Protein chains: 2
Amino acid sequence: MARMISAEAQRPSRDALVEAAARLFREKGYERTTVRDLADAVGMQSGSLFYHFASKGEILYEVMRRGIDDLTMAVRLELKACSSPREELITMTRTHLRTLLSNTQASLASLLYEWRSLPDEQRDQVVTLRDQYESLCREVISQAMENGVVKQGDPRLMVRLWLGALNWTSQWYNAEGSLGIDDLAEEIVDLILVHD
Amino acid sequence: MARMISAEAQRPSRDALVEAAARLFREKGYERTTVRDLADAVGMQSGSLFYHFASKGEILYEVMRRGIDDLTMAVRLELKACSSPREELITMTRTHLRTLLSNTQASLASLLYEWRSLPDEQRDQVVTLRDQYESLCREVISQAMENGVVKQGDPRLMVRLWLGALNWTSQWYNAEGSLGIDDLAEEIVDLILVHD
DNA sequence: GTCTATATCAGGATAGAC
DNA sequence: GTCTATCCTGATATAGAC
């Protein structure tokens, strides 16, 4: 039981597949990634995928479900160690950016751009998870507003603007550049959230 | 020459095709829209498309090129009538949101999510146009910073956060809701840009 | 649980008549 | 400039052996 990164059951091939899929979906997009690409990435033949997943669409669903799940848990965990509203804002922002921009956790990117490819039922489930995450973040922002750390306004709108600003970083952030993710998080909080 | 909405040459079938494509690409995504879908939407047979465009990819390129072009021109035009930095910020935001969220101008949505489907060369061209648009907006924000209307900070970062916040509205804005686009624009500017 | 082989089909694109 | 007919490739998914 020790040394599990994620809270998933241990099914190595399946897990490797989901991770490879997350990366490939981010690089090429879901539709342009073939089941052969996925199989190649884990050293399998394409037919063998379908022992683990009933369809390609199910792989996408699993990628998204894990992505949002891991993010939510990571943020919840990190928030526990915070002792001020501003620290909460920075921590939350940093965790979101790290998860979104890290190469090992590419799942979130699919979430942003590929949701139209999900069947209705699974899309609804993902939307529910996404809404729960948004609520968690909104709570933190609401608290910070009550403490005068964030400018007064509609927290429902504020959290969406903040999320949009963060998610858009996937379009322009350059890991080779001089700006580190943690510094970026702090700058973002100071620029658009904190009220001085 | 009178009554041209856009500055394009008049090729009715071609134009109708681009407009239908913009809408379908937004609804279903580029890869999931077939050339038969496109043909149906304008009452043609699929073979006839290829008289107007060499490939499906060229239609996507044209959708994007027009989208960013029209947006840039619209913003430039509207800015001329402004008489204060804050008014410029609101006008720019309003024009961006209107263009992004209007049903008749669906082109921008493709720009956000489908750029991976473009061939390299055309992607470069679109990126250039997008950078020009970003520069235009950055100028306005820089000016507003110099005037103390926007909080001091890196305008390059600020414009990207602002763009992200705006573009993300396409994921949640509901035209049937009580919040109009113009009111939304004003709220956004006051929440994340204006420094009071 | 993975392999090989293959069924099946959808979608982009072309040819040639009108 | 549009239609009909069709080619052809590539992709998902299945069957059955090992």
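Chain letters run A, B, ... following the sequence lines, proteins first and then strands; every chain starts at 1. Every value quoted in this text rests on a predicted model; they were computed, and no experiment measured them.
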Side-chain donor-acceptor contact under 3.5 Å, B:Tyr113 with B:Ser170: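 Checked: B:Tyr113/B:Ser170 side chains pair up, N/O donor to acceptor below 3.5 Å.
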May I ask you to evaluate whether [X] reaches the phosphate of [N], defined as a side-chain N or O under 4.0 Å from OP1 or OP2?
{"X": "A:Ser48", "N": "C:dC3", "value": "yes"}
{"X": "B:Gln45", "N": "D:dT2", "value": "no"}
{"X": "A:Ser13", "N": "C:dT2", "value": "yes"}
{"X": "B:Tyr51", "N": "D:dG1", "value": "yes"}

Residue closer to the 5' end of DNA chain D, A:Arg32 versus A:Gly47 (nearest nucleotide): A:Arg32
What's the [atom1]-[atom2] distance between [X] and [N], to the nearest Å?
{"X": "A:Asp37", "N": "D:dA11", "atom1": "CG", "atom2": "P", "value": "7 Å"}
{"X": "B:Asp40", "N": "C:dG11", "atom1": "CG", "atom2": "P", "value": "12 Å"}
{"X": "A:Lys56", "N": "D:dT14", "atom1": "NZ", "atom2": "P", "value": "15 Å"}
{"X": "A:Glu31", "N": "C:dG12", "atom1": "CD", "atom2": "P", "value": "11 Å"}
{"X": "B:Leu49", "N": "D:dT2", "atom1": "CG", "atom2": "C1'", "value": "11 Å"}
{"X": "B:Phe50", "N": "D:dT2", "atom1": "CZ", "atom2": "C1'", "value": "14 Å"}
{"X": "A:Met44", "N": "D:dA13", "atom1": "CE", "atom2": "C1'", "value": "16 Å"}
{"X": "A:Leu38", "N": "D:dA13", "atom1": "CG", "atom2": "P", "value": "11 Å"}

Salt-bridge present (A:Arg138, A:Asp154; N to O < 4.0 Å):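 A salt bridge is absent here (no side-chain N lies under 4.0 Å from a carboxylate O).
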Pairing of A:Arg160 and A:Glu134 as salt bridge, 4.0 angstrom limit: yes
B:Glu87 side chain to B:Ser83 backbone, donor-acceptor under 3.5 Å: yes
Residues forming a ring-ring contact (aromatic ring centres under 6.0 Å, His included) with B:Phe53, sequence neighbours excluded: none
Residue B:Arg36, side-chain atoms from C-beta onward, closest of D:dA13, C:dG12, D:dT2: C:dG12
